[in-house]
Structures are given as structure tokens and as C-alpha cells.
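What follows is a single structure, written as C-alpha cells, with notes after it.
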Amino acid sequence: MFELKYHTPFEWTHKVMDDFVTFLQDHAAAEKKASGMAMSMLGHYPDRTKLVKAMADLAIEEMIHFKQVLKLINERGLVLGNDKQDPYIKKMRALFRQGSDEFLIDRLLVAAVIEARGHERFSLVAEALPSGKDKDFYVAIAKSEEKHKNLFVELGYEYFDKAIIDARLEEILIAEAQICESIPFTAALH
């Protein structure tokens, strides 16, 4: 449906593979926050029936992903870890405009781009992992993120003119590329 403007180099996975435990903890936090974001959206827009249903389904799916990552953490004899502030998400949220329609458009499209970034990076992790359970899990997670990225754009088209959504998506994609270029690689999703 759309392509990211910045492409994460495969070298990013070296940071992840060198500290996979930290990556798993960050991934768990990201899934938990994604579930919360979906619940927040359906709570803020109860009159938008398609959005409410989509966000209810998404919240459940993201929480299932959280439980799956938690299982990977626990199997390694580790604990969940504390949530850390995500500089990428903070900068992406700074793109939200004021005004009820503008704010909703931006929430949807920022979410779409974040999911697209997740798709790209989980695909890179899957590629870097050796064959086995972890690799299979990250292949499946990447596919799920791609589906989510499209969902948010489709919801944008449902409630707003396609030309408005497409123009704003382009602006957000350009800003997101600049954000990615400004953040050093760590053993974290973003």
C-alpha cells in the first residue's frame, strides 16, 4: 500500500543479535504499548463503528503477541524488564496536529508508519535468526505488522478523502525517514 522512505540497513540486526535479550524485552514493551494504543483509540472514537471493531481486534492481537514474546523471555529464564521511553515513538507522536479531524488522521497514519517500520525490522530480525522457533515467530510477526500498516490506512480512507490521507501520509513518511536517520542503532525495535 505504501513504502517507507528510509530503509534500515541489515547492519542494524548486529545490534539486535548481540543483545537479543534486550531486544526481546523492548519487543514485549512495544506489543504491550500497541495494545494500549488500540484500546485508547477505540475509547476516543466510540462513534466510529469500523474503527472500534478494528481496534478491539487489534488490541487483542497485540496482547497475544505480547504473551508470545513474554514466553520467549521466560523460556530464557529472564524477566520482562522495565518499559523504557522510546525516542522514536516520542518523535513520531510529536507529528500529531491539533484539530479533531487532523488529530485522528495523524493517529491513524503515524500508527500505519510505525507498523510498517515494525514489519521491516521484524523481517530483518527473522532473516538474521537461525532456522527454528524464533525465526518462525519473527516471520509471522512481520506479516502481522504488514497487515496492521494497511489497516490504519484503510481506516483513514474510510473516514476521510483519499487525497487528504495520501498527502498527509507522504508528509509523515518523509518525517519518519528523518527521525530514523537521527536515532542511533540499539538492540531495540526503533
For this session: Please name the residue in the list D86, L109, I89 that meets the side chain to side chain contact (heavy atoms under 4.5 Å, CB included) test with I114.
Result: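 It is I89; the other options fail the test.
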Find the distance between [atom1] ([X]) and [atom2] ([Y]) and round it off to the nearest 0.5 Å.
| X | Y | atom1 | atom2 | answer |
| --- | --- | --- | --- | --- |
| E146 | S123 | CD | OG | 7.5 Å |
| T22 | L78 | OG1 | CG | 9.5 Å |
| S100 | I105 | OG | CD1 | 9.5 Å |

Problem set entry | Pair T13-E127, side-chain donor/acceptor within less than 3.5 Å |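 On atom types as modelled, these side chains do not qualify, holding no pair under 3.5 Å.
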Exercise. Side chains of Y157 and D166: is there a donor and an acceptor less than 3.5 Å apart?
Worked result: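 Distance-only check passes for Y157 and D166.
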For this session: Scan residues 27-76 for pairs that pass ring-ring contact (aromatic ring centres under 6.0 Å, His included), counting only residues two or more places apart or in two chains.
Result: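 Passing the test, one end in residues 27-76: H27-F122, H27-Y138.
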Return all side-chain donor-acceptor pairs below 3.5 angstrom for residues 168-179, not counting sequence neighbours, or 'none' if the list is empty.
unit_1, atom_1, unit_2, atom_2, d
R168, NE, D106, OD1, 2.7
R168, NH1, E171, OE1, 2.8
R168, NH2, L95, O, 2.9
R168, NH2, D106, OD2, 3.2
E170, OE1, K5, NZ, 3.2
E170, OE2, K5, NZ, 2.7
E176, OE1, R117, NH2, 2.7
E176, OE2, Y88, OH, 2.7
E176, OE2, R117, NE, 2.8
E176, OE2, R117, NH2, 3.1

More than 12 heavy atoms of other residues, nucleotides or ligands under 6.0 Å from [atom1] of [X]: yes or no?
| X | atom1 | value |
| --- | --- | --- |
| E181 | CD | yes |
| R93 | CZ | no |
| M63 | CE | yes |
| N82 | CG | no |
| K15 | NZ | no |

Any heavy-atom pair between the side chains of [Y] and [X] that's under 4.5 Å?
| X | Y | result |
| --- | --- | --- |
| E120 | C180 | no |
| E31 | Q68 | no |
| L155 | Y159 | yes |

Can you give me the closest heavy-atom contact between [X] and [Y], atom names plus distance?
| X | Y | answer |
| --- | --- | --- |
| W12 | T186 | NE1-O, 3.6 Å |
| A142 | H119 | O-ND1, 2.8 Å |
| Q25 | L80 | CG-O, 3.1 Å |
| S182 | K91 | OG-NZ, 3.4 Å |
| P87 | I183 | C-CD1, 4.1 Å |
| A187 | D26 | O-CB, 4.4 Å |

Indicate if [X] and [Y] have the same hydrophobic cluster label, given that clusters are the connected sets of ILVMFWY residues with side-chain heavy-atom separations under 4.5 angstrom.
| X | Y | value |
| --- | --- | --- |
| V125 | V139 | no |
| M41 | I165 | yes |
| L151 | L4 | yes |
| V79 | V21 | no |
| M92 | L189 | no |

Exercise. Is a side-chain donor or acceptor of K135 paired with a backbone partner of L129 at a separation under 3.5 angstrom?
Worked result: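 Yes, the answer is positive, given that a donor and an acceptor are paired below the 3.5 Å cut-off.
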Indicate every side-chain donor-acceptor pair of residues 48-58 with a distance under 3.5 Å to a residue at least two apart or in another chain.
unit_1, atom_1, unit_2, atom_2, d
K50, NZ, E158, OE1, 3.4
K53, NZ, D57, OD2, 2.7

By side-chain hydrogen bond (donor to acceptor under 3.5 Å, both in side chains), which residues pair with [X], not counting sequence neighbours?
| X | result |
| --- | --- |
| E75 | K133 |
| K90 | none |
| R121 | T8 |
| K67 | none |

Exercise. Can you list the residues that meet the side chain to side chain contact (heavy atoms under 4.5 Å, CB included) rule with P184, with sequence neighbours excluded?
Worked result: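 P184 satisfies side chain to side chain contact (heavy atoms under 4.5 Å, CB included) with no other residue.
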Exercise. For Q98, what residues pass the side chain to side chain contact (heavy atoms under 4.5 Å, CB included) criterion, not counting sequence neighbours?
Worked result: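 So Q98 forms no side chain to side chain contact (heavy atoms under 4.5 Å, CB included) with any residue.
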Exercise. What residues form a ring pair (Phe, Tyr, Trp, His ring centres under 6.0 Å) with F160, not counting sequence neighbours?
Worked result: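 For F160 there are no ring pair (Phe, Tyr, Trp, His ring centres under 6.0 Å) partners, ignoring immediate neighbours.
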Exercise. Which residues satisfy the ring pair (Phe, Tyr, Trp, His ring centres under 6.0 Å) test with F137, sequence neighbours excluded?
Worked result: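 For F137 there are no ring pair (Phe, Tyr, Trp, His ring centres under 6.0 Å) partners, ignoring immediate neighbours.
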Problem set entry | Linked hydrophobic residues, I60 as query - side chain contacts closer than 4.5 Å |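 Members alongside I60: I64.
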Problem set entry | Criterion side-chain contact (heavy atoms from CB on, under 4.5 Å) on L24 and F20, from CA distance to verdict | CA-CA 6 Å; L24 286 173; F20 197 61; 3.8 Å; yes
Exercise. Are the charged groups of K32 and D83 less than 4.0 angstrom apart, N to O?
Worked result: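 Salt bridge present between K32 and D83.
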